[in-house]
Amino acid sequence: MKEFLVQPLRDALQSLGTAAEIQFEKPADEKFGDLSTNVAMQLARDLKKNPRQIAADIVSKLVLDKSVVEKVGVAGAGFINFYFAKGASLVAAKEILLKGATYGEGTVGAGQRAIVEYVSANPTGPLTVGRGRGAVLGDTIANLLAAQGYAVTREYYFNNAGRQMRILADSVRMRYLELCGDEVSYPEDYYQGDYIKDIARNIFETQGASLRYSQELTLFKETAEAEIFESIKQTLARLGIAHDAFFNENTLYEIGESGTSRLDDVISRLREKGYIEEREGAVWFKTSLLGKKKVEDKIEIGVDTVLVKSTGEPSYRLPDIAYHINKFARDFDLMVNVFGADHIDEYPDVLRALKVLGYDETKVKVAINQFVTTTVNGEVVKMSTRKGNADTLDALIDDVGADATRFFFIMRNKETHLNFDLELAKKQTPDNPVFYLQYAHARISGILRLAVSEKNFVASANEYELLTSLTVKEEIDLAKILLEFPAAIERAALTLEPNRLITYLNGVAEVFHKFYHECRIIGEPDAVMKPRLYLILAARQVFQNGFKILGISAPEKM
RNA sequence: GUGCCCGUAGCUCAACCGGAUAGAGCAUCAGCCUUCUAAGCUGGAGGUUACUGGUUCGAUUCCAGUCGGGCACGCCA
């Protein structure tokens, strides 16, 4: 609708001898119309005039199509409010039915390629509840970007080498030796979870005690990795999450045709630019030259970053940089990384390196999610994989179901701490927020079932026109909010904040329930019933399309 | 100690780029089912937007400081 207003407003401003960027917003209160602009207030300072007077001047010069904009008003400090003709929304509502499953899709990412990297847990143990938030967040962001026309790659970055994996393998070996009957003192800093014992048992069952006196860890490592990875994928699958690509960090260490690895290449390129220094036996990235600093005793000190430790091993930042260069080589227009707040200090180094090497680092977006605390009976449960007292994501899904799991993880802004109330999520009662939404969909489905079975209703595109005969306030309100769906998706996608979509859908559910109470459908004369049936078909479409992005089911009955 | 994030109704959270009387759900109080699902709707009560200043015609939003919580500050990942 904004398109109808922008040019007339520009013309009006021009005839007053001025110009400004024209911004619209949806007024909080419907008595202020459907859209408003604050352009008069913006101009107040330059023109040194009362904003209300400016607004009145603008309105007097406005030329608008009366069949679209019914009324224009000036209110408050100088807002210009536009009231749309009822028919305008209803005509537009036909689009929802015509577009069907594609309604709501946008073109922000048309012709562009995006990669979303999420989960990325190393295969050292089952996914925890804490990991779940990033997993669902990343998956939903990927869905939102896909809905904006991006060709999206969902990628999982992992490392199955290094110290952690050695500890994992040795943990399994220790448990295996226990099964062989050996007395072992199990180290405290080894993996404590029962899954280690399960893996050891599987090995013991197939291999017997044949590995008892071997120091070789390979079988333990490979078995553990394979089994744990399999369980991670299964857990993700329960939430409807499936990655397109798995990127193994090890490939960055491999020596290519040039005789160097990707990691070597990063260092030599940074060295050419003058950002590498070797001292104390280590290789440093001179981030101090790029603004990285810390403050000690109120004195700022530049800070460099180690890329290769004095042991000769790369620190984890080096492969991180190489990995991002790899993403650029794959020519993505947008690269989203989803990770937890504990990595908050890591990505600035990566971005600094990318910038220095001539990449457009603004294409990299980082979605950081704050931690999850779970409460059970009001008591906070802290989690750690290493200690083995973690609530696994699997157990959570068993407990509350996939829909509630997904919903709870994304219903809050990612940057706020999430309190996952296990008791609440488990409830099959109205205090559980996911039910409020799904119930609206189930109600619509129930009405449509009846319409088909008792009134022989068959939806037909040449009857969509009937929507324009709706007149009741609750009908119009519903049509209007359904039309905001594309904007809601776009906003959620651009900000990488799926919770905005939930907030929007909650609003739709609220307006629908009001409509439901005010407007009966089955049993009304055809002239009333049919337009309403098409209206709720449109509402159902919005719920279904929205639920698909959120990754939750759309139950026909509850 | 330093950096980043957060602080909004009793609880969990919204508030689109700085806009109009700060909104929902839960809990609570009062109503609404012979009629499409009462997992719903209507109404009431509930707020110094942590605090103090600043910028602005206008601040929950931006800036500075204070207090409180989380995370990170390693040649760990």
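Chain A is the first sequence line, chain B the second, and so forth, proteins listed ahead of strands; every chain is numbered from 1. Just so it is clear, the structure is predicted and the values come from calculations on it, not from any experiment. Every heavy atom of this structure was used, including side-chain atoms; hydrogens, water molecules and symmetry mates were not.
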From [atom1] of [X] over to [atom2] of [N], roughly how many Å is that when rounded to an integer?
{"X": "Asn506(A)", "N": "A24(B)", "atom1": "CG", "atom2": "P", "value": "12 Å"}
{"X": "Arg491(A)", "N": "A14(B)", "atom1": "CZ", "atom2": "P", "value": "14 Å"}
{"X": "Ile80(A)", "N": "A20(B)", "atom1": "CD1", "atom2": "P", "value": "17 Å"}
{"X": "Ile321(A)", "N": "A77(B)", "atom1": "CD1", "atom2": "P", "value": "13 Å"}
{"X": "Leu307(A)", "N": "C75(B)", "atom1": "CG", "atom2": "P", "value": "12 Å"}
{"X": "Asn499(A)", "N": "C16(B)", "atom1": "CG", "atom2": "C1'", "value": "12 Å"}
{"X": "Leu478(A)", "N": "C36(B)", "atom1": "CG", "atom2": "P", "value": "20 Å"}
{"X": "Tyr516(A)", "N": "U42(B)", "atom1": "OH", "atom2": "C1'", "value": "16 Å"}

Hey, is the side chain of [X] pairing donor to acceptor with the base of [N] inside 3.5 Å?
{"X": "Asn81(A)", "N": "A20(B)", "result": "yes"}
{"X": "Glu25(A)", "N": "C17(B)", "result": "no"}
{"X": "Tyr439(A)", "N": "A39(B)", "result": "no"}

Look through every strand shown and name the nucleotide pairing with [N] as Watson-Crick or G-U wobble, where both distances are under 3.5 Å.
{"N": "A50(B)", "result": "U66(B)"}
{"N": "C73(B)", "result": "G1(B)"}
{"N": "U21(B)", "result": "none"}
{"N": "G10(B)", "result": "C26(B)"}

Looking at C75(B), U37(B), A77(B), which one has an atom nearest to any side-chain atom of Tyr316(A)? A77(B)

The side chain of Phe32(A) is closest to which nucleotide in this list: A77(B), A20(B), G40(B)? A20(B)

According to the interplanar angle, ranging from 0 to 90°, do the rings of Phe229(A) and Tyr156(A) count as parallel (below 30°), tilted (30 to 60°) or perpendicular (above 60°)? tilted

Using the ring of each side chain (for Trp, its six-membered ring), is Phe547(A) parallel, tilted or perpendicular to His441(A), with breaks at 30° and 60°? tilted

Would you mind calling C17(B) syn or anti? Take O4'-C1'-N9-C4 for purines or O4'-C1'-N1-C2 for pyrimidines, and syn is within 90° of 0. syn

[atom1] atom, [N] versus [M]: distance in rounded Å?
{"N": "U55(B)", "M": "A59(B)", "atom1": "C1'", "result": "10 Å"}
{"N": "C76(B)", "M": "C71(B)", "atom1": "P", "result": "22 Å"}
{"N": "A38(B)", "M": "C32(B)", "atom1": "P", "result": "16 Å"}
{"N": "U61(B)", "M": "G25(B)", "atom1": "C1'", "result": "23 Å"}
{"N": "U2(B)", "M": "G40(B)", "atom1": "P", "result": "49 Å"}

Contact class for [X] (heavy atom, under 4.0 Å): base, sugar-phosphate, or nothing?
{"X": "Ala75(A)", "result": "base"}
{"X": "Leu450(A)", "result": "sugar-phosphate"}
{"X": "Glu415(A)", "result": "sugar-phosphate"}
{"X": "Glu313(A)", "result": "nothing"}
{"X": "Ser36(A)", "result": "base"}
{"X": "Asn369(A)", "result": "nothing"}

Are Phe79(A) and A20(B) stacked, counting the six-membered base ring, centres under 5.5 Å, planes under 30°? yes

Heavy-atom count check: over 12 atoms from other residues, nucleotides or ligands less than 6.0 Å from Arg262(A) CZ? no

Please state whether the phosphate of [N], meaning OP1 or OP2, lies under 4.0 angstrom from any side-chain nitrogen or oxygen of [X].
{"X": "Lys514(A)", "N": "U42(B)", "value": "yes"}
{"X": "Arg443(A)", "N": "A38(B)", "value": "yes"}
{"X": "Lys309(A)", "N": "A77(B)", "value": "yes"}

By nearest-nucleotide position on RNA chain B, the 5'-leaning member of Thr503(A) and Phe24(A) is Thr503(A)

Return whichever of Arg520(A) or Ser315(A) has its heavy-atom-nearest nucleotide of RNA chain B closer to the 5' end. Arg520(A)

Are Arg352(A) and Glu361(A) within salt-bridge range, i.e. N to O under 4.0 Å? no

Answer yes if the side chains of Gln438(A) and Asp403(A) hold a donor-acceptor pair under 3.5 Å, and no otherwise. yes

